[in-house]
Amino acid sequence: MILTHLASARVVTAVAARLGHALDRDQARAAMAWVKNRAYRTGHAVVDDIAFADYLDGLTHRAAGEAR
C-alpha cells in the first residue's frame, strides 16, 4: 500500500499498522493531515515509509506520555 496525499483515514491507519503503530480515530485524523501537508510541502504525492514512521513514532510516543 502506498501512502499519498489522497489517502483516506482508513489507508493511513492501515499503513500505520503495517509500520507497527495502532492509531485511534484522533491520531488517524492527525496523521492524515500530516500526510497531506507533507506531500504538498515537498511537492511529492507519495510519502515514504521512513518519514511516516518517524512521524508516527512522535505521534504515538506523545499519546503514550499523555495517557500516564
Side-chain angles (χ1 to χ4, degrees):
M1 191 172 291
I2 296 173
L3 195 56
T4 73
H5 65 293
L6 299 176
S8 66
R10 193 165 82 174
V11 170
V12 168
T13 301
V15 173
R18 179 170 53 80
L19 295 173
H21 296 271
L23 303 181
D24 63 26
R25 180 174 282 157
D26 291 335
Q27 290 170 325
R29 282 192 204 117
M32 189 172 65
W34 180 87
V35 167
K36 291 179 187 308
N37 182 278
R38 168 129 179 144
Y40 287 113
R41 192 178 69 240
T42 62
H44 299 285
V46 176
V47 175
D48 65 75
D49 283 353
I50 295 171
F52 189 50
D54 285 345
Y55 168 76
L56 291 173
D57 286 343
L59 178 68
T60 57
H61 179 67
R62 278 192 311 273
E66 292 169 2
R68 291 183 185 167

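- Residue pairs satisfying the salt bridge (Lys or Arg N to Asp or Glu O under 4.0 Å) criterion with at least one member in residues 25-51, sequence neighbours excluded, are listed as follows: Arg18-Asp49, Asp26-Arg29.
- Note: His21 NE2 to Asp57 CG = 4.5 Å, rounded to the nearest 0.5 Å.
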* Asked: After noting the C-alpha distance and the side-chain angles of Val47 and Thr42, does the key distance pass the side-chain contact (heavy atoms from CB on, under 4.5 Å) rule?
  -> CA-CA 9 Å; Val47 175; Thr42 62; over 6 Å; no
Quiz: residues 4-14 side-chain donor-acceptor pairs under 3.5 angstrom, not counting sequence neighbours:
{"from": "Thr4", "atom 1": "OG1", "to": "Leu6", "atom 2": "N", "distance (Å)": "3.1"}
{"from": "Ser8", "atom 1": "OG", "to": "Arg10", "atom 2": "N", "distance (Å)": "3.4"}
{"from": "Ser8", "atom 1": "OG", "to": "Val11", "atom 2": "N", "distance (Å)": "3.2"}
{"from": "Thr13", "atom 1": "OG1", "to": "Ala9", "atom 2": "O", "distance (Å)": "2.8"}

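- To the nearest 0.5 angstrom, Tyr55 atom OH is 13.5 Å from Leu19 atom CG.
- Hydrophobic clustering (ILVMFWY, side-chain heavy atoms < 4.5 Å, transitive): Val35 and Ile2 are in distinct clusters.
- Closest approach of Ala22 and Thr60 over heavy atoms only: O-CG2, 4.4 Å.
- Shown here for Ala45 and Ala39, the closest heavy-atom pair between the two residues is O-CB, 3.9 Å.
- Cluster membership check: Met32 does not share its hydrophobic cluster with Val46, using side-chain heavy-atom separations under 4.5 Å among Ile, Leu, Val, Met, Phe, Trp and Tyr.
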